[in-house]
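One structure is given here, and the rest of the page talks about it.
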Amino acid sequence: MSAFEPGLRRTPDPGPPPSESVPALVERIRTEIAAGGPITFARFMELALYDPQHGYYRTGADRPTRAGDFLTAPELHPIFGAALARQLDELWERLGRPAEFVLREYGAGTGTLGLTVLVALEADGSGLARALRYQPLEIDRGRASAIAGRLAAAGFGAALDPGHDAGEAEPIVGAVVANEFLDALPVHRVEGRDGGLAELYVAGAGDGFVERAGPPSTPALAARLAAEGIGLLDGQQAEVNLGVDDWVAEVAAALRRGAAFIIDYGYPATELYGPGRPTGTLRAYAGHRVHADPFAAIGRQDLTAHLDLTALERAALDGGLELIGRTSQAEFLVGCGLESLLETIRSDPATTIEAWLAVRSAVARLIDPAAMGRFAVVVVGRDLPAGPPLRGLAYRFAPRAGAD
C-alpha cells in the first residue's frame, strides 16, 4: 500500500505540504492543552476545522473549487448533478409525486450540487423542478447567504428553502444528500498496544504538536471495534468516527419518507481496519495537495479520514432506517443514465470540441475506479414503496448476461 491511496478526490502531489498555520488558532489549541493536558485528536480536529473564528470550514468560501483546496464531484462537472437529478426524479415518482419534495444537502459548500440538479430537472422537463425545495445545510452562515444569491441569480430563488440548521428543520419528504461530508467529522486516533487499545492524544511540543499515547478517552472506542470484530495489530494505527452515530440519528429523525444518499470514500470495517493500512487513513489537503501531517497548516488545510461503512449502516438500522443498497459511485452514475447524458451533450450542436473534451475528461475521473469512481454510495431510507431497485442501484443488481 502506497503512502497515498488512489481513489481520493484529489491527486497526491509530491511537493512539500503547506507549513503556515493560523497563529490565533494554534494559540487557542495550545491554551486548551496547557489548561487541561493533551486533548483527543477528535477535539483537535474539531478546533482545526470548525472553530467559530479560525476553523478551516469557517473561513474561505472557495474550499471545494478548482481555485480552492480540493475538488468534489459536483464541482468537477454539472453532469454529476444531472445524473443525481434523474435519481431524485425517480424517487419523487415512487413517493407519489408529492407537491413538496425537499432536497436537504449536508455540507452544501457553494451550492453547486443543488443548482445543477435544478438546472437538469428543468432541462429534462421534470415536474420535480417545480416541487423541489432545496435546503442547503452549511456551518458558515456566509456561505448560506452566497448560495441564496447564486440560486436567485440563476432564476431558482423560489426553490430555496433557507434558514435551517442541522437538526432543527422539520421532518421532510424527499432526499438527504451528504457528498464527501462524513469524512470530515472529527475522529479519534487509536493504536493497538499489547493486544489492547490505546488512544493517540495531541500534546504540545515546542512550537508545534505531537501525538502521545494514553488510555482511551471513552469505552465507546473499544466497543465500536469489538462490535465489528476488529482487533488492531500491535502498533497499528486507525481512526474511529464516533460522530457518525449522532449524524445518522439526526437524519433518521429528519426523514419522514424518502431516502438518504451518502457518497464518500470508505470501506467496510474489516477492510478499513485491515493490516494493509498500518497508519490509518487520516490525510490533510491544501491547494490540491495531499499529505499526512495534520499539524502542518492548522486552520488552512482540510483533514479527512475514510468512512467506516459498517458503522454507518449499523447506525442507520438502529435509527429505524432501511438499508436500501450500497454501490460505487461509478455504478451509481451509470445506473442513473450517465451514458445517455453524455450522448445528449455530444449530439447537441451547441457543444464545442472544448466542452466535449471537458465532459469526457470529467466523466473519466468520476467513474475511474482509481479515482472518484471508487467512492462508496450508501442509500438508506424510510417508507419507500416496494419495487425494483432504484436506478442508481440498478447496475449493481441488474442481471448479467449469462446469469441464471
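Keep in mind the model is a prediction, meaning the values are calculated, not measured.
L221 and P216 get closest at one heavy-atom pair: CD1-CB, 4.3 Å. Contact record, L95 with P98: O-CD, 3.9 Å, taken as the closest heavy-atom pair. The two atoms that bring A83 and C336 nearest to each other are O-CB, 3.4 Å, heavy atoms only. The two residues V244 and R224 come nearest to each other via the heavy atoms CG1-NH2, 3.8 Å. Of all the heavy atoms in L47 and L25, the pair that sits closest is O-CD1, 3.6 Å. For the pair A73 and N179, the tightest heavy-atom approach, listed with the atom from each and the gap, is N-ND2, 4.4 Å.
Of the inter-residue distances, the one linking H291 atom NE2 with Y285 atom OH reads 10.0 Å to the nearest 0.5 angstrom. Put simply, CG on L118 and CG on L132 are 5.5 Å apart, with the number rounded to the nearest 0.5 Å. In this structure, OG in S328 is found 10.5 Å from CZ in R374, a value given to the nearest 0.5 Å. L91 CG to L384 CG: the interatomic distance, rounded to the nearest 0.5 Å, is 6.0 Å. Here Q329 contributes atom CD and L333 contributes atom CG; the two are 5.0 Å apart, rounded to the nearest 0.5 Å. Interatomic distance, CD1 of I263 versus CG of L182, reported as 11.0 Å (0.5 Å rounding).
For R277 and Y267, the positive end sits near the middle of the six-membered ring, less than 6.0 Å away and at most 45° from its axis.
Counting only heavy atoms from C-beta outward, the side chains of V251 and V380 never approach each other to under 4.5 Å. Put simply, the side chain of T31 reaches to within 4.5 Å of the side chain of E27, judged on heavy atoms. You'll find the side chain of V117 stays beyond 4.5 Å of the side chain of Y134, heavy atoms only. A heavy-atom distance below 4.5 Å is found between the side chains of L307 and I262. Side-chain contact between E228 and R314 is present, with heavy atoms from C-beta onward closer than 4.5 Å. Side-chain contact between T72 and T112: absent, with no pair of heavy atoms (C-beta onward) separated by less than 4.5 Å. Looking at heavy atoms from C-beta onward, T351 lies out of side-chain contact with R346 at the 4.5 angstrom threshold. Looking at heavy atoms from C-beta onward, E90 lies out of side-chain contact with E93 at the 4.5 angstrom threshold.
Applying side chain to side chain contact (heavy atoms under 4.5 Å, CB included) to I39 and the options E32, M45, E46 leaves one that passes, E32. If you run side chain to side chain donor-acceptor pair (under 3.5 Å) between E239 and each of R189, H188, H306, only R189 comes through.
At distances below 3.5 Å, at least one donor-acceptor pair connects side-chain atoms of R382 with backbone N or O atoms of A252. Put simply, the side chain of T344 gets close to the backbone of S340: a donor and an acceptor are under 3.5 Å apart. Using a distance-only test at 3.5 Å, with no hydrogens or angles considered, no donor-acceptor pair links the side chain of R283 to the main chain of T304. Side-chain N or O atoms of Q236 include one that pairs as donor or acceptor with a backbone N or O of Y273 at under 3.5 Å. With hydrogens and angles ignored, the 3.5 Å screen pairs no side-chain donor or acceptor of R43 with any backbone N or O of Y201. Using modelled atom types, one side-chain atom of D308 and one backbone atom of T310 make a donor-acceptor pair closer than 3.5 Å. Between the E199 side chain and the S217 main chain, a donor and an acceptor come within less than 3.5 Å of each other. Between the E331 side chain and the L393 main chain, no donor and acceptor come within less than 3.5 Å of each other. Distance alone, capped at 3.5 Å, places no donor-acceptor pair between the D161 side chain and the R133 backbone. Side chain of D383 to main chain of R257: no donor-acceptor pair is present (N/O by atom type, distance under 3.5 Å, no hydrogens or angles).
Within a 6.0 Å radius of CZ in R30, other residues, nucleotides and ligands contribute more than 12 heavy atoms. Within 6.0 Å of CG in D234 there are more than 12 heavy atoms belonging to other residues, nucleotides or ligands. Sparse packing is recorded around CD of E339, with 12 or fewer heavy atoms of other residues, nucleotides or ligands lying under 6.0 Å away.
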Practice prompt. Please report the C-alpha distance between Y265 and T281 in whole Å, then the side-chain angles of each, then the deciding distance to 0.1 Å, and finally whether the side-chain hydrogen bond (donor to acceptor under 3.5 Å, both in side chains) criterion is met.
Written response: CA-CA 10 Å; Y265 38 93; T281 65; over 6 Å; no
Practice prompt. Please test F156 against V119 for side-chain contact (heavy atoms from CB on, under 4.5 Å), starting from the C-alpha separation and ending with a verdict.
Written response: CA-CA 9 Å; F156 294 105; V119 169; 3.7 Å; yes
Discussion item. For W356 and L342: C-alpha separation, side-chain torsions, deciding distance, then whether side-chain contact (heavy atoms from CB on, under 4.5 Å) applies.
Written reply: CA-CA 9 Å; W356 175 242; L342 265 177; 3.9 Å; yes
Discussion item. The test is side-chain hydrogen bond (donor to acceptor under 3.5 Å, both in side chains); show your working for R86 and S126 and say whether it passes.
Written reply: CA-CA 9 Å; R86 293 190 170 184; S126 167; over 6 Å; no
Worksheet item: Between Y395 and L338, is a side-chain contact (heavy atoms from CB on, under 4.5 Å) present by the stated rule, with each step listed?
Response: CA-CA 12 Å; Y395 183 93; L338 189 66; over 6 Å; no
Discussion item. What verdict does the side-chain contact (heavy atoms from CB on, under 4.5 Å) test give for E191 and L232, after you've listed the backbone C-alpha separation in whole Å, the side-chain angles of each residue and the deciding distance to 0.1 Å?
Written reply: CA-CA 7 Å; E191 181 176 291; L232 298 180; 5.9 Å; no
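For residues 25-55, the set of pairs meeting the ring pair (Phe, Tyr, Trp, His ring centres under 6.0 Å) definition, not counting sequence neighbours, comprises F41-F44, F44-F295, Y50-Y57.
The side chain to side chain donor-acceptor pair (under 3.5 Å) test applied to E100 returns no partner, not counting sequence neighbours.
Checking T110 against E75 by side-chain atom types alone, a donor-acceptor pair falls below 3.5 Å.
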